[in-house]
Amino acid sequence: MVWTWGDRQDWELIDLEGWSFEDVYPYFLKSENYTGASSAYRHAVARGHAGPITLTSFPANEATLTAVSTAAETFNVPPEVDNNGGVHESVAVVQRDFQGPTIDTGVRMGAFMAYLRPAMASLPPERLRVLTRATVLQVLVEPSEETGREGGLEAVGVRFLHDGVCGEAYAKREVVLAAGAYNTPKLLLLSGIGDPGHLEEIGIECVLSLPGVGKRLVDHINPGSLMFTGPPRKDYDANIVATYTRTGIVPDLTPDVELGFIMGPPVEEPAHWDKVPSLYVFYALWLLHDGVGSVRLKNRDPLEDPVIVSGYLKTATDLKRLVRIFRMLIEWSQTFARSSGLKLEQQRSGGNAIFVTEDSSDEEILKAARMVLSTHWHAAQSCRMGNPEHDPDAVVDPEFKVVGMEKLRVVDASSQPVLTNGHPMAALVMMAERAVDFMLGKAKER
């Protein structure tokens, strides 16, 4: 629901031909219909206004937004009306792919609503069939007939389970996997595509040696939050404000943390809003850290969940970053309370909130954070894109083609060339738009 491009430097730092910001920028524009204000930043870029995903900003009370922005000045972060087209390292109201006055009455304009649903309505059944509640079990692989090289392989279809019955679907042109950062590597491994040693342990014949499958899982971390109550209010504007900044623990070239602010009612019934304290939540999204995990098979059963290892909190640097994140949240909440004139009372629990103060020791902060820290569900790169000539862990090439396999592409979070410093949906939709042009042979025309 949150729409962020990430930092432009994200794309420059990966050093992958064809994937600079200049290369991906037209596809960000193609997907979006931005309805907000334009940035005054002198290096700001234009936004898209004709794409299928309409973007709005969460409603923001000016007084509250001013207080949040004033508090963000503590970290030398400027205010910004559009931190996608303008300055990413800034404080701004969050943009969303969501239509309607409130979350309860509105509709999320995700990929299904923006792309698939219109296609289902306009295309005849012989051109598009959507089969729900089906589980793909395996990619079907045969010797390649087109390449002519000995030992060449190509994907010809998939085997799937639907209503307790196994079926097979065959592709005339290509098979495209989009099962996500956990299930795409699982599916490749079940198909005999992956690390030969791991496949041998599980008892699956290795069809294609690709050691990088499931190997370099990365994610954004949800380290926890601070929760406060304040005076009752009669109405609520869904203030969700994000600040992209740096912890300063290491000299990162891009922001390594998102500090967020949410204000809302503690009860659903508006009639009671003016009788109960309001909620103020200061949260963090930990963007850059040293954690690298993996996705592996538990056994040969395709209905079993894969074994997921997060790799969180393995280095001393990350422990320092985690402590610093909460000290920043503490400082931000105190500055907000002063600038807003509100008397806030910190809560000891609720959601993923922890109770720590400026007097808490580093050890106390780490102990409390370990109790609530979790994934932010931004898992990526478990089938990483790369140049196979230089990257032995590359699973797909810069056009999403699985290395060593004809007619098979991976287009989802698992194949991201970089996990952008922000919420990943905008980048994933951009990738899908690019993938279509690659399939149609149009990418080089742009």
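Worth knowing before you read on, the calculation uses all heavy atoms, side chains too, and leaves out hydrogens, waters and symmetry mates. Please read all numbers here as calculations on a predicted model, not as lab measurements.
Residues Leu188 and Leu408 form a side-chain contact, since some pair of their non-hydrogen atoms from C-beta on lies under 4.5 Å apart. Using a 4.5 Å heavy-atom cutoff, the side chains of Phe261 and Val281 are not in contact. Val158 places a side-chain heavy atom less than 4.5 Å from the side chain of Val175. Counting only heavy atoms from C-beta outward, the side chains of Asp97 and Thr54 never approach each other to under 4.5 Å. Looking at heavy atoms from C-beta onward, Thr184 lies in side-chain contact with Cys383 at the 4.5 angstrom threshold. Side-chain contact between Asn421 and Asp256: absent, with no pair of heavy atoms (C-beta onward) separated by less than 4.5 Å.
Results of the side chain to side chain donor-acceptor pair (under 3.5 Å) test with Gln95 over Thr4, Thr56, Asp82 single out Asp82 as the only residue that passes. Results of the side-chain contact (heavy atoms from CB on, under 4.5 Å) test with Val257 over Thr245, Leu288, Leu287 single out Thr245 as the only residue that passes. The residue from Glu32, His49, Met109 that alone fulfils the side-chain contact (heavy atoms from CB on, under 4.5 Å) condition with Leu55 is Glu32.
Ring geometry for Phe75 against Trp332 counts as perpendicular: the plane angle is over 60°, on a 0 to 90° scale with 30° as the lower cut. By the 30° and 60° cut-offs, the orientation of the rings of Phe336 relative to Tyr280 is tilted.
No side-chain donor-acceptor contact under 3.5 Å links Gln381 and Ser414. Checking Thr315 against Asp290 by side-chain atom types alone, a donor-acceptor pair falls below 3.5 Å. The closest side-chain donor-acceptor pair between Asp219 and Tyr312 falls under 3.5 angstrom. Side chain to side chain, Trp19 and Glu12 fail the donor-acceptor criterion of an N or O pair below 3.5 Å. Under 3.5 Å, the side chains of Thr254 and Asp7 contain no donor-acceptor pair of N or O atoms. Residues Glu258 and Tyr244 bring a donor and an acceptor atom of their side chains to less than 3.5 Å of each other. A side-chain N or O of Arg159 and one of Gln138 form a donor-acceptor pair less than 3.5 Å apart. Looking only at atom types and distance, the side chain of Asn222 has a donor-acceptor partner in the side chain of Asn352 under 3.5 Å away. With hydrogens and angles left out, the side-chain atoms of Tyr27 and Asp437 include a donor and acceptor closer than 3.5 Å. For the residue pair His376/His220, the side-chain donor-acceptor check at 3.5 Å is not satisfied.
Ion pairing between a basic and an acidic side chain is recognised when a charged N comes within 4.0 Å of a carboxylate O; Lys215 and Asp393 show such pairing. Between Glu399 and Arg434 there is no salt bridge, since no side-chain N of the basic residue sits under 4.0 Å from a carboxylate O of the acidic one.
Rounding to the nearest 0.5 Å gives a distance of 11.0 Å between CG of Leu322 and CZ of Arg327.
Considering every non-hydrogen atom in both Ser31 and Tyr115, the closest pair reads CB-OH, 3.5 Å.
Atom CG of Asp362 has more than 12 heavy atoms from other residues, nucleotides or ligands within 6.0 Å. Within a 6.0 Å radius of CZ in Arg246, other residues, nucleotides and ligands contribute more than 12 heavy atoms. Summarising the local packing, CD of Glu174 is surrounded by more than 12 heavy atoms from other residues, nucleotides or ligands at distances under 6.0 Å. Other residues, nucleotides and ligands place no more than 12 heavy atoms under 6.0 Å from the CD atom of Glu17.
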Would you check, one step at a time, whether the test salt bridge (Lys or Arg N to Asp or Glu O under 4.0 Å) holds for Asp391 with Arg384?
CA-CA 10 Å; Asp391 184 356; Arg384 192 177 62 181; 2.9 Å; yes
Applying side-chain contact (heavy atoms from CB on, under 4.5 Å) to Leu279 and Met227, what does each step give before you reach the verdict?
CA-CA 7 Å; Leu279 290 179; Met227 182 181 293; 4.3 Å; yes
Leu177/Arg409 under side-chain contact (heavy atoms from CB on, under 4.5 Å): CA gap, chis, key distance, verdict:
CA-CA 6 Å; Leu177 302 184; Arg409 298 189 203 236; over 6 Å; no
Could you walk me through whether Phe160 and Thr135 pass the side-chain contact (heavy atoms from CB on, under 4.5 Å) check?
CA-CA 5 Å; Phe160 63 93; Thr135 301; over 6 Å; no
For Leu259 and Met328, what are the C-alpha separation, side-chain angles and deciding distance, and is it a side-chain contact (heavy atoms from CB on, under 4.5 Å)?
CA-CA 8 Å; Leu259 303 180; Met328 293 173 77; 4.0 Å; yes
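Phe58 carries Arg96 over the face of its six-membered ring, with the cationic atom under 6.0 Å from the centre and within 45° of the normal.
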